[in-house]
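This report refers to the structure that appears directly beneath it.
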Amino acid sequence: MTDLTFHQFMCRSDNYGLLLHDDKSGATAAIDAPDAAEIERQLDARGWKLTHILTTHHHGDHVEGNIALQKRYGCSITGPRGEASKIPGIDRKVAGGDRFIWEGREVTVLDCPGHTLGHVTYYMPSEEAVFAGDTLFSLGCGRVFEGTVEQMHQSVRQFGALPPATRLYCGHEYTQSNARFALAVEPGNIVLAQRAAEVDRLRAEGKMTCPSTISAELAANPFLRTGSPEIRKMLGMEDETDARVFAELRDRKNSFK
Ligand code: ZN
Ligand code: FE
């Protein structure tokens, strides 16, 4: 297996851009295309040519750059079959359970309905990396716009089943505000408190807080911790199902200030 370089950067206001560059073949994939101009700048600075875009979902801040980048590079665009009509330039449609090979590496597609109905996530076992789009964030999860909160719960749960060392790449730098909510519902979680302090330090230095890892999220992200006695007590939901606790957390987060 040849080396893969991961290059992550900020664009728009709080979106992550992410480029994967195969050092041997020269192939370069963008995970989503939030900002064509910034992605081109990052590619040019490294002398890379974009060959693929892997789209997680149809929102404008994830597909805005598709057509401009495809025009310049002729890159192929892979995206969710379930919302293919809303993905500009899509030429390969995928859905949960599909596997494909990118530059000799297996990519597994997970269906993640909730934020949007067709949202997919890409998992690369050989790189111990998952590209979660707007489904799972560090210390939080995406808002439920199109699906049901039950669907979102199932989508988020899938991440908890990935190998713990898997690096979590997500669509937005929301970690600091997510940390405030997480601490409000689980103030006694020492791992969370440490992560929140680290996040404050990183943000004060203008640094990114991701990628995270699945093990770090399992220890601190309330949306993966619906079984936590402290969270349940805080919500007055000691005897409720995980699904109901998740729904209550998502609801409270929506109005949390
Ligand atoms: Zn979105
Ligand atoms: Fe987004």
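In listed order, ligands and their atoms are each counted from 1.
The Zn ion (ligand 1) has no N, O or S atom of H62 under 2.8 Å away, backbone or side chain.
For the Fe ion (ligand 2), the tally of protein N/O/S atoms lying closer than 2.8 Å stands at 4.
When the N, O or S atoms of D134 are ranked by distance to the Zn ion (ligand 1), OD2 comes first. Minimum-distance N/O/S atom of H59 relative to the Zn ion (ligand 1): ND1.
Aromatic ring pairs are classed by plane angle as parallel below 30°, tilted from 30° to 60° and perpendicular above 60°; the pair H172 and H62 is perpendicular. Ring geometry, H119 versus H57: the interplanar angle falls under 30°, so the pair is classed parallel (tilted spans 30 to 60°).
The pair E248-R244 does not count as a salt bridge, with every side-chain nitrogen at least 4.0 angstrom from each carboxylate oxygen. Between E230 and K233 there is no salt bridge, since none of the side-chain N atoms of the basic residue sits less than 4.0 Å from a carboxylate O of the acidic one. By the 4.0 Å N-to-carboxylate-O rule, R92 lies too far from D98 to be salt-bridged with it.
For the pair R167 and F6, the cation-pi test (distance below 6.0 Å, angle within 45°) is passed.
Side-chain contact annotation: S138 with R195, donor-acceptor N/O pair under 3.5 Å present.
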